[in-house]
Amino acid sequence: MRQQNACFIRWWAEIIQVRKKRKGMDHLALIVNILWQIWKARNNRRMYELKVIQKANQEWVEFENAAKKK
């Protein structure tokens with residue numbers, strides 16, 4: 001597997017070959033689950049970043065409104 005780290009297609013082909021081995025489908029299910037968890041974590045991080053940006057924008061608008069009232 002270490003030799004396949006530069007090419008996704010070759011890496012995936014090697015992963016798929018695992019299913020032919022004993023307990024290969026269990027191994028494949030574990031790999032898919034790990035990839036799914038990475039995907040969800042990545043999305044959660046992006047949602048957090050979006051919330052930070054939204055909060056910064058909200059506070060900026062509040063600051064500008066307060067400054068206009070003075």
Side-chain angles (χ1 to χ4, degrees):
M1 292 310 302
R2 294 184 205 285
Q3 296 86 359
Q4 306 303 334
N5 65 358
C7 178
F8 178 79
I9 294 171
R10 285 188 300 209
W11 176 82
W12 187 249
E14 290 289 326
I15 293 297
I16 296 301
Q17 292 301 315
V18 167
R19 67 184 171 173
K20 295 177 182 175
K21 296 180 180 180
R22 188 172 77 83
K23 296 214 175 211
M25 290 304 289
D26 291 341
H27 188 100
L28 190 57
L30 176 61
I31 291 169
V32 169
N33 187 34
I34 290 169
L35 293 173
W36 177 242
Q37 297 305 320
I38 291 169
W39 181 269
K40 290 192 314 183
R42 181 176 167 261
N43 287 345
N44 285 340
R45 187 187 64 189
R46 284 190 170 177
M47 287 303 296
Y48 175 75
E49 291 168 356
L50 179 60
K51 287 179 182 179
V52 168
I53 292 168
Q54 289 171 336
K55 181 68 173 165
N57 185 52
Q58 176 187 355
E59 289 183 6
W60 180 257
V61 169
E62 290 170 2
F63 172 77
E64 285 184 324
N65 288 339
K68 288 179 185 175
K69 291 180 182 178
K70 288 184 180 183

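None of the values given here were measured: they were computed from a predicted structure. In what follows, every heavy atom counts, from backbone to side chain, and hydrogens, waters and symmetry copies are set aside. In this chain, numbering begins with 1 at the start of the sequence shown.
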In terms of hydrophobic clusters joined by side-chain contacts under 4.5 Å, are Ile15 and Met25 together?
-> yes
Can you find a side-chain donor-acceptor pair between Gln54 and Lys51 that sits under 3.5 Å?
-> no
Indicate, with yes or no, if Leu30 and Leu35 share a hydrophobic cluster defined by side-chain heavy-atom contacts under 4.5 Å among Ile, Leu, Val, Met, Phe, Trp and Tyr.
-> no
Indicate yes or no: at least one non-hydrogen side-chain atom of Arg10 is less than 4.5 angstrom from one of Glu14.
-> no
Shortest non-hydrogen contact from Leu28 to Val18?
-> N-CG1, 4.5 Å
More than 12 heavy atoms from other groups under 6.0 Å of CG on Leu50 | yes
Roughly how far, to the nearest 0.5 Å, is CH2 of Trp12 from CD1 of Ile31?
-> 7.5 Å
Decide, yes or no, whether a salt bridge links Lys55 with Glu59 under the criterion of side-chain N to carboxylate O below 4.0 Å.
-> yes
From Trp39 CH2 over to Asn43 CG, what is the distance, rounded to the nearest 0.5 angstrom?
-> 6.0 Å
Out of curiosity, Arg46 CZ to Glu49 CD, how far, rounded to the nearest 0.5 Å?
-> 7.5 Å
Would Ile16 and Phe8 show up in the same hydrophobic cluster when neighbours are defined by side-chain heavy atoms closer than 4.5 Å?
-> yes
So how far is it from Asn33 CG to Ile38 CD1, rounded to the nearest 0.5 Å?
-> 10.0 Å
Distance only, no hydrogens: is a donor on one side chain within 3.5 Å (strictly under) of an acceptor on the other, for Gln58 and Glu62?
-> yes
